[in-house]
Number of protein chains: 2
Amino acid sequence: MPTTKKKLEDRAAVIKALGHPSRLLIAQSLMKGERCVCDLKDLVGVDMSTVSKHLTLMREAGVLNCEKRGLNIYYSLACDCLGDFLRCVDRLACGGKKTTCC
Amino acid sequence: MPTTKKKLEDRAAVIKALGHPSRLLIAQSLMKGERCVCDLKDLVGVDMSTVSKHLTLMREAGVLNCEKRGLNIYYSLACDCLGDFLRCVDRLACGGKKTTCC
DNA sequence: GCCTTATTTGGTGAAATGGCCAAATAAATG
DNA sequence: CATTTATTTGGCCATTTCACCAAATAAGGC
């Protein structure tokens, strides 16, 4: 698969959707189950409008699903592979911390 | 694991290092084996100084290793789990494309 | 219908990002 | 040692990102 430009950008968008501390924290929380926006606002500790924008970005990338029930909107992960994903990330994360190399 | 702020940021940095089309393309190429900067410059099609900066960012996040041999610097992936990682990404990427939801 | 609660949208500003170019560095070669 | 080749560094500029705030929208309850 020669990976078209579009495909590459879609993939990058998914990854980017997880590549921010607040969004990663949200994703990790959602591994334990669905949450509404105000739950996530308390978790992350920024303005709710900011959380909402993060969630929109993640949803548009394909990472999240959402469902409205009553006054709340419940967000959940679109895929259960995030655990494996993060295991790979942790193997890389600052395991080296090689600031100099060449 | 309550995930300290530092840990969260380190993880996010790893993910962010892969969450850009050029950098993802580089990473995918490196799955096939090490490459020098000028190889990657041809692959990505941007200025070599730009590629170099991408590589530095990826290395500092922990995603890449590098080794100098002669005039060239060869970059390689720091971890072989990228295949699984991308499999997860592809399951998410625009599988839904849900622009509206709630 | 009016109030309250939950969420999104639009605007703004500061900071980060990603590209290019030119100059600096490092190693090999004549 | 001067030259060539590979790479990095620093500067600059346009764009994007991420935070906040205020205002708009949506649903439920009195």
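Per chain, numbering begins at 1; letters A, B, ... match sequence-line order. Everything numeric here is computed off the predicted structure, so don't read it as measured data.
Here the side chain of Lys68(A) is nearest to one of dA26(D), dT8(C), dT7(D), namely dA26(D). Nearest nucleotide to the side chain of Leu57(B), out of dT7(D), dA6(C), dG18(C): dG18(C).
Note on Tyr75(A): every side-chain N or O is 4.0 Å or more away from OP1 and OP2 of dA6(C). Applying the 4.0 Å criterion to OP1 and OP2 of dC18(D), one finds that Thr50(A) has every side-chain N and O outside that range. Of the side-chain N and O atoms in Ser52(A), one or more sit less than 4.0 angstrom from OP1 or OP2 of dT8(C). For dC18(D), one of the phosphate oxygens OP1 or OP2 lies less than 4.0 angstrom from a side-chain nitrogen or oxygen of Arg23(A). OP1 and OP2 of dT7(D) both lie 4.0 Å or more from every side-chain N or O belonging to Tyr74(B). For dG18(C), the OP1/OP2 oxygens have a side-chain nitrogen or oxygen of His20(B) closer than 4.0 Å. Within the 4.0 Å cut-off from OP1 or OP2 of dC20(C), not a single side-chain nitrogen or oxygen of Ser49(B) is found.
What separates CG of Asp39(A) from P of dA6(C) is a distance of 10 Å, to the nearest Å. Nucleotide dA6(D) holds its P atom 7 Å from the CG atom of Leu71(B), rounded to whole Å. Look at CG on Leu64(A): it is 11 Å from P on dT8(C), rounded to the nearest Å. Between His54(B) atom NE2 and dT17(C) atom C1' the separation is 9 Å, expressed in whole Å. Atoms CG (Asn72(A)) and P (dT4(C)) sit 18 Å apart, rounded to a whole Å. Between Asp47(B) atom CG and dT7(D) atom P the separation is 13 Å, expressed in whole Å. One can place NZ of Lys16(B) at 7 Å from P of dC18(D), the figure rounded to the nearest angstrom. The nearest whole Å value for the distance from the CG atom in Asp42(B) to the P atom in dA6(D) is 10 Å.
Sulfur-sulfur distance for Cys79(B) and Cys88(A): not below 2.5 Å, with no disulfide indicated.
Rounding to the nearest 0.5 Å places CG of Leu8(A) at 5.0 Å from CG of Leu24(B). Note that the CZ atom of Arg91(A) and the CG atom of Leu82(B) stand 11.0 Å from one another [nearest 0.5 Å].
One donor-acceptor pair, N or O on each side, does fall under 3.5 Å between the base of dG11(D) and the side chain of Lys53(B).
Classification of the Phe85(B)-Phe85(A) ring pair by plane angle, with boundaries at 30° and 60°, yields parallel.
A salt bridge links Arg87(A) and Asp84(A); the closest N-O separation between the charged side-chain nitrogens and carboxylate oxygens is under 4.0 Å.
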